[in-house]
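Read the numbers this way: they start at 1 and go in the same order the structure lists the ligands and their atoms.
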Amino acid sequence: MRHASTYLPAAEIADSVRRGERAAVEVVEEHLATIAEREPEVHAFNALTDAQARMAAELIDRRVAAGEDPGPLAGVPVALKDNLCTAGVPTTCSSRILEGWLPPYDATVVTRLGLAGAIAIGKTNLDEFAMGSSTENSAFGPTHNPHDASRVPGGSSGGSAAAVAAGFAPLALGSDTGGSIRQPAALCGVVGVKPTYGRVSRYGLIAFASSLDQIGPLAPTVADAALLLEVVAGHDPLDSTSVPEPPPSLVAGLDDGVEGLRVGVVAELMGQGVAPDVRRRVEAAAEALAGAGAKVEETSVAALAYGLSAYYLIAPAEASSNLARYDGVRYGLRVDAPTTATMNVATRTAGFGPEVKRRIMLGTYALSAGYYDAYYGKAQKVRTLVIRDFAAAYESFDLLLSPTSPTTAFPLGAKAADPLSMYLSDVCTIPSNLAGDPAVSVPFGTGDDGLPVGVQILAPALAEATMLRAAAVLEDAMLDQAMARAEATP
Ligand code: GLN
């Protein structure tokens, strides 16, 4: 497997650490040095766990010296979205309301990373409670796009995407409720995977919208994203929504190509609102897949046109319920007041930012007596149509193709005052969450502004292996072009 030359792949780092050729301590110091250099400009992290990372690296090196194998991610630094619980390490969701709260346990993904020899290097910035598409809704200030610091990194996993793009960590974990892994991956020029609902345990992921949330990898290359997904995926008795299937084998078949695969370009996700330069990159991706032997055709998945509207009822409805637990008693912040009820109000008023309050109000309204059927109930019916239309499309196609985000990275502040235009950033990614299906964003060149464009490959449930094979074909096509350009330049 080839790779983008500026990054040392996680797999290579792990191999050299396992063989004792490189010290994990050295790997960690190198990444901390890169962070020291550029973090003031990027602000990818809410907190670094540098002391713990150094200790973990020493332990890895001692185990290698003793002839043990620390695992497939030995010595590889990983950045963790700050809505993943880390025992004894602040986990804030970029919200004031969790101020001072220390999780009493690790998320299952964090435990699995540790068992694979990976080293948690820090907690990354996000839109508060993962609500947003630009990381500007963080209580701790925005993250900046490493390709252009005046632009957003996307969101809500903007810190994780920026950390990978800036070389702060070879790997990162994010969470994706409506696009929060894929859209920032697209805007930062990295690979981002939303796995099938239930593929990765969400035990210890702070809930936003429980029927949609999924954890997944961000990485510079498809192979590294696949490797990280293999490590964190698989059944977990601690998450009742986790699927019983064994963890998928993804890396082994990545080079198998797309010969004979049927790929549908989704008409509903190529129309109005998609910038022409982004659309051209998706068309180029369709050609690249056809050139590699896939049968590519345009297709229609009609109900996707209503996905965004359904999501903005279902996700806030679930959020309004999930966020009821932040009452000033059980977690973090408490603003004292004479009675329990006024203390609850004072705490939530001070602790939540404007977007979180907007979602709680939208969701409470959609669920309230008299409106439930018209809003929440109707949205659930649309969700069923989305599931049905996807299932029909997958009778004729193995995979679907679309843009990940309708535009490249927009300037900081450009959409902050207009929630609706911000919501539209996720029009292409939301349908996969409604259906519970996997999707990947893979970098495929740049837009007219020179900023990264991601194309999205969608697959039916549990078909991550096929989906990532196609992503690898697109990655190879870009490397071929880059090499041809390099040869043509004297
Ligand atoms: N941007 C979408 C929202 O604001 C999706 C967020 C996510 O996937 N966490 O809800």
J.: Do any N or O atoms from the side chain of N46 and from the backbone of K123 form a donor-acceptor pair under 3.5 angstrom?
T.: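 No.
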J.: Short question: side chain of Q183, backbone of S425 - any donor-acceptor pair under 3.5 Å?
T.: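 A pair under 3.5 Å: no.
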J.: Taking A120's backbone N and O only, do any of them form a donor-acceptor pair with T49's side chain (distance below 3.5 Å, no angle check)?
T.: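 Yes.
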J.: Any N or O of G132 that comes nearer than 3.5 Å to an N or O of ligand 1?
T.: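 Yes: some nitrogen or oxygen of G132 is under 3.5 Å from one in ligand 1.
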J.: Give me the nearest non-hydrogen protein atom to atom 1 (N) of ligand 1 as residue plus atom name, then the distance to 0.1 Å.
T.: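 The protein heavy atom lying closest is D426 OD2, 2.5 Å.
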J.: Checking the N or O distance criterion of under 3.5 Å, is ligand 1 in contact with F208?
T.: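 Between F208 and ligand 1, no N or O pair is found under 3.5 Å apart.
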J.: Would the distance check show the side chain of S300 and the main-chain N or O of A267 forming a donor-acceptor pair, the cut-off being under 3.5 Å?
T.: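 Side chain of S300 to backbone of A267: no pair is present.
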J.: Of the side chain and backbone of Y312, name the one, both, or neither that has a heavy atom under 4.0 Å from an atom of ligand 1.
T.: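 Answer for Y312: side chain.
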J.: Considering the heavy atoms of G178, write down every atom of ligand 1 situated less than 4.0 Å from one of them.
T.: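 Answer, ordered by atom number: 5 (C), 7 (C), 8 (O).
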J.: Out of all atoms in ligand 1, which are within 4.0 Å of some heavy atom of Y311? Include the element for each.
T.: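 So the answer, numbered in order with elements, is 2 (C), 3 (C), 5 (C), 6 (C), 10 (O).
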J.: Would you check the N or O atoms of R359, main chain and side chain alike, for any that come under 3.5 Å of an N or O of ligand 1?
T.: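 By distance alone, the answer is yes.
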J.: Taking the ring centre of each residue, are F208 and F129 less than 6.0 Å apart?
T.: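 For F208 and F129, the ring centres are not under 6.0 Å apart.
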J.: Treating T347 as the side-chain partner and R334 as the backbone partner, does any N or O pair qualify as donor plus acceptor under 3.5 Å?
T.: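 Pair absent, no side-chain N/O of T347 close to backbone of R334.
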J.: Which protein non-hydrogen atom lies closest to atom 9 (N) of ligand 1, naming both residue and atom, and how far is it?
T.: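 Protein heavy atom at minimum distance: S180 OG, 2.7 Å.
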J.: Is there at least one pair of N or O atoms, one from M131 and one from ligand 1, spaced under 3.5 Å apart?
T.: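 N/O-N/O distance below 3.5 Å does not exist for this pair.
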